Amino acid sequence: MKRILRYSLLLLTVILSIGTYFTNKLMYIRKKDNAVIVERESIAGRLNVTAYDQLEKEEHFIHSPLGYSLKVVVAAPYPSNRYVIISHGVTENKTNSIKYMNLFLSRGFNVVIYDHRRHGESGGKTTSYGYYEKYDLKAVVDWLKRQKGPDVLLGIHGESMGAATMLLYAGSLADDANFYIADCPFSDLSGQLTHHLRTTFKLPPKVILPISNVFLRLRDKYSIHDVSPLAVVSYISKPVLFIHSKDDTFIPPVMTEMLYEQKNGPKKLFIAKYGAHAQSYNENKEAYEAAIDSFFTDNGIPFQVEDSPAHKFER
C-alpha cells in the first residue's frame with residue numbers, strides 16, 4: 001500500500017511538473033526587449049530611429065474587450081481611405097512592424113501598427129498564440145473603422161503568430177478586411193507544438209501535449225486545439241496572399257502550403273528562396289514586394305509605388 005501511494009505521489013509530481021513547466025513556457029514566453037529589437041533593425045538598415053520619431057503619427061491606447069489597453073500607432077500621410085494593419089509575431093512588438101510599414105506606405109497605404117497583448121506597451125497577462133489575440137485584432141479593426149469610416153479599404157498583414165491571429169480573426173470572427181497577407185503562419189498550434197517537442201525538446205508529444213492541454217484549460221481557459229487557422233481558413237472569402245521561406249525550420253513551410261490549399265476563393269502563394277523563420281522579407285525584399293504587387297494587381301487592389309515618407313525610415 002505504501003509503495004502504491006509512493007508511486008502515485010511520484011506520478012502526480014511528474015504530471016504537475018510537466019503541466020506547470022510547459023504551460024509556463026507557453027503563457028509567459030520570454031519576450032525580446034525593445035532596445036534589442038531597435039538595435040537589430042537599425043544595424044540591419046531597416047529602421048532609422050530619428051526619421052521614425054519625426055514621422056507625423058498618432059499614438060493611442062484603445063480598449064480590448066478582454067479588459068486591458070492596446071497600444072496603437074497610426075501613420076496616415078495620405079488623404080485616402082486605404083489602410084493596412086500590421087500584426088507582429090510572438091516575442092516581438094510593433095517596432096518589428098516598421099519595416100512592413102515602410103513597404104505599405106511606399107505603396108500609398110496609411111498604416112496602423114500595434115502591440116499584441118503582453119507585448120510592447122499593451123496590457124494582458126498571458127500569450128495565447130492567436131486565441132485571445134484575435135479579439136484584440138478585431139478591436140483594432142473596429143476602432144479604425146469608427147475613426148476613418150466604414151468604407152475604409154483595409155488590408156491586414158501578419159507575421160508568424162500575427163499571421164495566425166489574422167487568419168483566426170478573419171475565419172472565425174469577422175472577414176472584414178479587403179485583403180490579407182499571411183507571412184509564415186502555423187496551421188494549428190497542436191501541430192506546431194508537436195514539431196517543437198520533437199525537434200527542440202526531443203520529448204514525446206503524445207505524453208506532453210495532453211497533460212499541458214489540461215493545465216492550459218485550467219490556467220488560461222482555452223485549449224491548444226482551439227488555436228487552428230487550418231480549421232477556419234476556408235471561411236475566409238477575401239483574397240489571401242500566403243508567404244513562407246522554404247528553409248524555415250521553426251514553422252515548416254508545409255503549414256502555409258496546407259493553409260493555401262484549404263483556402264477557398266482568391267489566393268496566392270509565395271515561397272521565398274532564402275531566409276529562416278520570419279526572414280522572407282529581410283532576405284528576399286525585391287521578390288517579396290513583387291509578390292505583393294502581383295497580388296494587388298490580380299485582385300484589383302489600388303496601389304502605387306512612389307517616393308513617400310516610408311523611404312525616410314530606412315538607412
Side-chain angles (χ1 to χ4, degrees), residues 37 40-48 52 75 82-90 92 94-113 154-167 177-186 229 238-257 259-260 263 266-315:
I37 299 174
R40 181 194 69 202
E41 294 300 293
S42 299
I43 290 173
R46 296 187 290 266
L47 172 63
N48 183 319
Y52 176 75
R82 288 186 291 169
Y83 282 82
V84 171
I85 296 172
I86 302 174
S87 177
H88 67 77
V90 71
E92 299 284 346
K94 62 185 177 295
T95 301
N96 186 61
S97 299
I98 293 172
K99 61 178 177 286
Y100 299 119
M101 174 187 276
N102 297 341
L103 187 159
F104 291 108
L105 283 173
S106 69
R107 281 157 176 75
F109 289 89
N110 299 312
V111 179
V112 177
I113 60 177
L154 178 63
I156 305 176
H157 177 287
E159 178 189 88
S160 192
M161 183 193 78
T165 296
M166 177 192 73
L167 295 172
N178 297 89
F179 65 88
Y180 307 94
I181 300 175
D183 187 331
C184 60
F186 56 79
K238 305 295 177 50
V240 180
L241 170 59
F242 295 93
I243 298 173
H244 218 112
S245 296
K246 71 178 182 64
D247 294 329
D248 189 344
T249 58
F250 186 80
I251 297 180
V254 67
M255 288 194 164
T256 283
E257 291 168 353
L259 288 163
Y260 173 78
K263 163 74 169 76
K267 59 186 176 181
K268 189 178 184 68
L269 176 65
F270 169 58
I271 301 296
K273 289 184 178 180
Y274 310 108
H277 180 64
Q279 296 298 308
S280 293
Y281 185 51
N282 296 343
E283 301 295 331
N284 309 267
K285 186 174 181 180
E286 290 185 5
Y288 194 105
E289 294 190 8
I292 288 178
D293 292 346
S294 175
F295 173 70
F296 285 165
T297 300
D298 291 347
N299 291 284
I301 299 165
F303 75 101
Q304 65 268 5
V305 179
E306 59 184 45
D307 191 22
S308 77
H311 299 142
K312 299 177 183 178
F313 299 168
E314 299 176 346
R315 293 191 295 105

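Just so you know, residue 1 is the first one in the sequence shown, and it goes up from there. What you are looking at is a predicted structure, and each value in this text was computed from that prediction instead of being measured.
V84 is listed as a side-chain neighbour of F179, based on a closest heavy-atom distance under 4.5 Å. Looking only at side-chain heavy atoms (C-beta outward), R82 and P302 come within less than 4.5 Å of each other. Side-chain contact between K268 and D298 is present, with heavy atoms from C-beta onward closer than 4.5 Å. Under the 4.5 Å side-chain criterion, counting only non-hydrogen atoms from C-beta, E257 is in contact with I271. In this structure the side chain of N282 reaches within 4.5 angstrom of the side chain of K99, judged on heavy atoms. With a 4.5 Å cut-off on side-chain heavy atoms, F270 and F295 do not count as touching. For the pair Y83 and V112, the minimum side-chain heavy-atom distance is below 4.5 Å.
Checking side-chain atoms of R107 against main-chain N and O of I292 turns up no donor-acceptor pair under 3.5 Å. No donor-acceptor distance shorter than 3.5 angstrom exists from the side chain of S87 to the backbone of G158, with no hydrogens or angles considered. Using a distance-only test at 3.5 Å, with no hydrogens or angles considered, a donor-acceptor pair links the side chain of N178 to the main chain of L154. Formation of a donor-acceptor pair under 3.5 Å by the N284 side chain with backbone atoms of Y274 is found in this model. The backbone N or O of A177 lies less than 3.5 Å from a partner atom in the side chain of K238, making a donor-acceptor pair. Of the possible polar contacts, one joining the T165 side chain to the M161 backbone as a donor-acceptor pair under 3.5 Å is found.
A cation-pi arrangement is absent between K267 and F242, since the terminal nitrogen or guanidinium carbon is not both under 6.0 Å from the aromatic centre and inside a 45° cone about the axis.
The CD atom of E41 sits 12.5 Å away from the CG atom of N48 when rounded to the nearest 0.5 Å. Taking CG of D293 as the reference point, atom CG of L103 lies at 8.0 Å (rounded to 0.5 Å). Rounding to the nearest 0.5 angstrom, the gap separating the CG atom in L241 from the CD1 atom in I301 is 9.5 Å. Separation of atoms CD1 (I86) and CE (M166) is listed at 12.0 Å; rounding is to 0.5 Å. Atom-to-atom distance recorded for I37:CD1 and H88:NE2 is 8.0 Å, nearest 0.5 angstrom.
Here the closest non-hydrogen pair linking D248 and A278 is OD2-N, 4.3 Å. Taking both residues in full, the closest heavy atoms of G275 and S245 are given as O-CB, 3.2 Å, listed atom of the first, atom of the second, then distance. Closest non-hydrogen pair, L167 versus V240, comes out as CD2-CG1, 4.4 Å. Of all non-hydrogen atoms in P185 and I251, the two that sit nearest each other are O-CG2, 3.4 Å.
The side chain to side chain donor-acceptor pair (under 3.5 Å) test applied to Y288 returns H157, D183, not counting sequence neighbours.
Between F104 and F109, the ring-plane angle classifies as perpendicular under the 30° and 60° cut-offs. Below 30°, between 30° and 60°, or above 60°: for H244 and H277 the angle between ring planes is between 30° and 60°, a tilted geometry.
Between the side chains of E159 and Y281, no donor-acceptor pair of N or O atoms lies under 3.5 Å. Using modelled atom types and a 3.5 Å distance limit, the side chains of R40 and N96 yield a donor-acceptor pair.
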